[in-house]
Amino acid sequence: MNQAAAQSRIEELKQSLEEWNYQYYVLDNPSVSDQEYDRAMQELIALEQEFPALITLDSPTQRVSGTVSEKFSKYFHTSPMLSLGNAFNYEDLVHFDEQIKELTGLSAIDYTCELKIDGLSISLVYQNHLLVMGATRGDGIAGEDVTTNIKKIKSIPLKVAQPNLIVRGEVYLSLEEFNKINAERAAKDEPLFANPRNAAAGTLRQLDSTIVQKRNLDAFLYYYVNAIEDGIPTQYEALKHLEGLKFKTNKEYQLCHNVDEVWNYIQKYQDLRHQLGYEIDGIVIKVNDFKLYNRIGYTAKNPKWAVAYKFPAEIVTTKLVDIFPSVGRTGKITYNAVLEPVRIAGTIVRAATLHNGDFIIKRDIRIGDYVELKKAGDIIPEVIQPLLDRRPEETVKWTMAKKCPDCANWLEKTDDEVDQYCVNSLCPKKITRGLEHFCSRNAMNIEGVSEKIINRLFDLGYLKSFSDLYLLENYRNEIIELDNFGEKSFQNMIDSINRSKEKSLERLLFALGIRHVGQKTAQLLAKKFQTINAIQNATVEMLSVINDVGPIVATSVVDYFNVPNNVEEISKLINHNVNVKYLKSDSFVVQKLENQRFVITGTLSKPREYFKELIENYGGHVSDSISSKTTYLLAGTDGGSKLLKAAKLNVKIISEIDFINLIEGGE
Ligand code: IVH
C-alpha cells in the first residue's frame with residue numbers, strides 16, 4: 001500500500017473506531033462486536049507501524065500508548081477551578097434562592113440541577129479540535145498535567161467538532177469497577193481503597209499508565225468554560241451542547257423553576273442514589289441563565305450562582321463485636337470498635353472510632369450491642385449510640401482500660417478532661433508514633449522511614465529518640481543486612497535525614513509534637529521568637545503576647561521545655577547540626593507574596609476574584625484603594641484614575657503577564 005492509500009484507510013479506521021467507542025462508552029449502546037473492533041484496531045496499529053508519519057494525536061491507538069515519566073508537571077488553569085459553597089437543608093436553599101433574587105432583582109429564577117458526582121474534577125483543553133491537555137484541579141489555580149492518563153478514559157473524545165474548547169467535569173469509578181479493583185487488591189494482599197473517589201484519584205495520579213489502562217475510569221463533563229463567549233446562553237443548553245460534541249454528560253440533570261422543584265429533585269435522588277451504580281454525595285444547583293452570572297458574582301472562594309447540596313450522613317446499624325484501646329503519640333488513649341462488616345456510604349466498614357472512655361460510658365455502649373454508625377465524607381466512621389431495645393441479654397457494662405495497651409503503665413485522667421493518657425515517656429508506642437510524626441511530610445519531611453521501618457529500628461535499639469535518626473548512619477552495615485533494606489534505600493533514607501537538618505524552625509517545632517502546637521502555632525512561634533533558645537526561655541506571659549496563642553498553648557510550651565529529657569534531646573539535635581533558626585524560605589506554604597499589598601484595576605482576562613484569590617493564596621493582601629503602603633497596582637485595560645494615583649505615589653504598576661511571572665518565577 002502506498003502512503004496516500006494508507007492515509008485514507010487510516011482516516012477511515014480512526015473514524016469508525018472513535019464512533020464505535022462513542023456508541024459503546026458514551027451512549028452505552030454498542031454497535032459492533034468486540035472482534036470487529038479489535039480487528040479494525042489491529043489493522044490501524046499495523047498501518048501506523050508501517051507509516052509512523054501518519055500517526056496523529058487523535059488516533060485511538062494514542063489512548064493506549066504513552067507512559068508518564070517520573071512525575072506530573074504543573075499546569076496553570078486558564079481560569080481557576082472553583083469549588084462550591086454548601087447547603088445542608090431546605091432553609092439553606094431558600095436562603096440561596098433569596099440571595100440570587102436580591103442580587104439580580106428578579107422574582108423567579110430557573111436552576112439546572114445535577115448530580116454531584118463523588119469523583120475528582122478535571123479540566124480538558126482542546127485546541128485545533130484535538131485534546132491537548134487533561135489536568136487535575138490541584139489547588140484550583142494549578143493542577144497536574146495528567147493528559148496521558150486522561151486519554152485512557154475511553155468516553156473522552158480525543159477530537160471534537162469544535163476548534164477550541166475548555167470543558168470540565170468529574171472523573172469517577174463505577175461501583176462495579178471499584179469493587180473489582182479492591183477484590184484484586186485483596187487477593188494480592190495489597191491495601192484496599194477506602195472509597196471509589198480515593199481509588200479514582202489514585203488511578204488518575206498513577207505514574208504507571210499500564211495500571212490506568214486496566215482500571216476503567218470514566219468521566220462526566222458538566223462545565224463549558226467559555227460558554228457565554230461562544231454564544232451558549234444557559235447551563236441546560238451548555239450540557240446539550242457538550243452532548244452534541246459527543247461528550248458524556250450525566251443524564252439525570254433537570255431544569256427546575258423554583259426552590260420547591262429543586263427540593264423535589266433532591267428528594268428523588270436521595271432515594272435513588274444507591275441504585276445509580278456510581279457514588280454521588282449531593283446535588284449541584286446552578287442558576288441556569290449565564291447572563292446573570294456576572295451580576296451574581298463570587299465570594300473569595302466560590303461562585304455565588306451555584307451551590308452544592310450535601311446529603312446528610314448516612315446512618316446504619318451493625319453489631320459491636322469488640323472494643324479495644326490504642327495509644328497515640330501524645331499518649332492519648334482512643335477506643336476503637338470492631339464491627340460486624342456493614343456497608344455504609346458505598347464502602348464496607350469493619351472498624352469505627354468510639355473516641356474516649358467517657359463517650360462509651362455516657363452512652364452505656366456495650367460489647368455485643370447493636371449500634372448506630374455514621375460516616376460523613378472521608379471521615380472515619382463513628383459509633384453514635386447503642387440500640388437499647390435490641391440489646392442482647394448477656395451484655396455487661398463496659399469499663400475503661402486501666403493500663404496502657406502498649407506498655408502496661410497505669411493510665412492517668414484528670415476530672416476536667418475526657419481523655420486518658422499514658423504518661424510513660426518510655427512507652428514504645430508513644431515513641432514510635434512520635435517518630436512517625438517527626439518524619440512526616442508536614443514536619444521534617446524525611447522520606448523512606450515508614451511505620452514499619454521505624455518499628456523495626458526501634459525494636460533493634462537503633463532508634464529510640466528523634467536525635468537517634470541522625471546517628472543511623474553508624475549502623476549502615478547492620479541495617480542494610482535487614483530484608484527489604486538494600487544499600488540504595490538506606491542511602492536514600494540517610495540523604496533525606498541529612499536534608500532535614502536544613503528545615504526551618506517551625507517545622508522542627510511542629511515535629512517535636514508539643515501538645516497543642518499545630519502547624520499554625522509553630523509558624524507563629526517561630527516567626528516571633530526566631531530561635532528555639534528564645535522559645536525555650538520564654539515565659540507564659542511572653543508567649544501569650546502572640547495573637548492566637550492562648551494560655552493553654554503557652555503553658556503547654558513552657559511545660560514541654562521544663563522536662564529535662566526534652567531539653568537534652570534538643571541539645572542533641574543542635575549538636576547534630578539540625579537548624580533551630582527561623583528561615584523564611586522554608587515555610588509550610590510558599591508565601592511568595594508575603595507582606596505585599598496589591599490593588600487591582602481595569603479589565604483583566606479573568607474576574608478580579610480570581611486574581612484576589614491567587615494573591616491571597618501566595619500570602620499577599622488585596623485592598624480597594626491605593627496608598628503609599630501599596631506594593632503593586634495590577635492593571636488591566638482601562639485602569640482609570642488608579643493609574644494616575646499609583647504613578648503619583650510611586651507605586652509599581654504591573655500587567656497581568658508581569659504578575660504571573662512574579663508568582664511563577666524563581667521556582
Ligand atoms: S460545578 C464553578 N457540577 O463538586 C463550579 N461540580 O465544590 C464548578 N462536582 O469541585 C463545579 N459534580 O469537583 C459541578 N455536576 C457537578 C458536579 C460538581 C461533582 C464536584 C466538583 C467541584 C465540587 C463542588
Side-chain angles (χ1 to χ4, degrees), residues 77-88 92 96 100 111-124 134-144 146 150 166-174 195-198 200-201 204-205 217-228 232 234-243 247-256 262 265-266 269-270 273 276-288 290 292-294 296-311 346 376-378 606-607 609-610 613:
H77 298 294
T78 50
S79 65
M81 289 184 76
L82 303 173
S83 57
L84 299 176
N86 292 325
F88 296 100
D92 290 349
F96 167 73
I100 305 252
Y111 297 103
T112 301
C113 291
E114 297 165 30
L115 303 188
K116 185 167 182 313
I117 314 296
D118 198 8
L120 65 151
S121 44
I122 48 150
S123 188
L124 306 177
T136 60
R137 176 177 187 273
D139 59 5
I141 308 291
E144 285 175 317
V146 289
I150 290 278
I166 301 175
V167 52
R168 293 181 178 162
E170 204 82 355
V171 167
Y172 71 98
L173 270 170
S174 70
N195 54 46
R197 174 165 33 86
N198 285 2
L204 196 61
R205 299 189 65 252
L217 282 177
D218 210 336
F220 288 122
L221 283 308
Y222 48 70
Y223 187 39
Y224 186 121
V225 174
N226 294 314
I228 300 202
I232 298 168
T234 65
Q235 170 64 7
Y236 193 83
E237 277 158 278
L239 290 168
K240 292 279 172 225
H241 186 89
L242 290 177
E243 286 161 16
F247 285 101
K248 178 166 175 169
T249 59
N250 183 279
K251 291 294 183 307
E252 317 293 334
Y253 63 90
Q254 187 183 308
L255 191 62
C256 293
V262 169
Y265 179 88
I266 289 174
Y269 285 98
Q270 199 149 306
R273 64 186 287 207
L276 294 167
Y278 46 86
E279 293 218 321
I280 60 171
D281 57 343
I283 300 294
V284 180
I285 300 124
K286 303 175 184 170
V287 170
N288 192 40
F290 290 145
L292 304 176
Y293 281 22
N294 269 346
I296 300 170
Y298 299 78
T299 68
K301 281 207 212 120
N302 308 314
K304 286 198 259 181
W305 38 257
V307 73
Y309 173 86
K310 290 278 183 77
F311 289 136
D378 241 350
K606 287 156 218 129
E609 285 305 332
Y610 167 73
E613 189 180 338

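Start at 1 and go down the list; that is how both ligands and their atoms are numbered. One-based numbering along the sequence shown. Because the structure is predicted, anything quoted here is derived from the model rather than measured.
- Ligand 1 has no atom lying under 4.0 Å from any heavy atom of Met81.
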Q) Does the side chain to side chain donor-acceptor pair (under 3.5 Å) test come out yes or no for Asp218 and Tyr278, once each step is laid out? A) CA-CA 10 Å; Asp218 210 336; Tyr278 46 86; over 6 Å; no
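- Of all protein heavy atoms, the one closest to atom 8 (C) of ligand 1 is Leu82 O, 4.1 Å.
- The shortest N or O to N or O distance between Lys116 and ligand 1 is under 3.5 Å.
- Nearest to atom 3 (N) of ligand 1 among the protein's heavy atoms is Lys286 NZ, 3.0 Å.
- Salt bridge Arg197/Glu279: absent, no basic N to carboxylate O contact under 4.0 Å.
- Nearest protein neighbour of atom 15 (N) of ligand 1, counting heavy atoms only, is Glu114 OE1, 2.9 Å.
- Judged by distance alone, with hydrogens and angles left aside, the side-chain atoms of His77 form no donor-acceptor pair with the main-chain N or O of Gly140 at under 3.5 Å.
- Of all protein heavy atoms, the one closest to atom 13 (O) of ligand 1 is Glu170 OE1, 2.8 Å.
- Protein heavy atom in closest approach to atom 10 (O) of ligand 1: Ser121 OG, 3.9 Å.
- Regarding atom 7 (O) of ligand 1, its nearest protein heavy-atom neighbour is Leu84 N, 2.8 Å.
- Ring geometry for Tyr269 against Tyr265 counts as tilted: the plane angle lies between 30° and 60°, on a 0 to 90° scale.
- Between the side chain of Arg168 and the backbone N or O of Tyr223 there is no donor-acceptor pair closer than 3.5 Å.
- Side-chain contact check for Lys240 and Tyr253: at least one donor-acceptor pair (N or O, by modelled atom type) lies under 3.5 Å.
- Annotation: atom 22 (C) of ligand 1 to nearest protein heavy atom, Tyr222 OH, 4.3 Å.
- Not a single heavy atom of Ala306 sits closer than 4.0 Å to an atom of ligand 1.
- Remark: minimum distance from atom 12 (N) of ligand 1 to any protein heavy atom is reached at Ile117 N, 3.1 Å.
- Residue Ser83 has at least one heavy-atom neighbour below 4.0 Å for each of these atoms of ligand 1: 7 (O).
- Among the atoms of Leu120, none of the N or O lies under 3.5 angstrom from an N or O of ligand 1.
- The closest donor-acceptor contact from the side chain of Tyr293 to the backbone of Val287 lies under 3.5 Å.
- Phe96 and Tyr111 have tilted rings, their planes meeting at an angle from 30° to 60° on a 0 to 90° scale.
- Any N or O atom pair closer than 3.5 Å counts here, and Trp305 shares no such pair with ligand 1.
- The environment of Asn294 atom CG is sparse: at most 12 non-hydrogen atoms of other residues, nucleotides or ligands sit within 6.0 angstrom.
- Residue-ligand proximity, Pro303 to ligand 1, at heavy-atom distances under 4.0 Å covers atoms 2 (C).
- Within the structure, ligand 1 has Leu115 among the residues with a heavy atom less than 4.0 angstrom away.
- Only one option out of Val146, Ile150, Val171 pairs with Thr136 in a side-chain contact (heavy atoms from CB on, under 4.5 Å); it is Val146.
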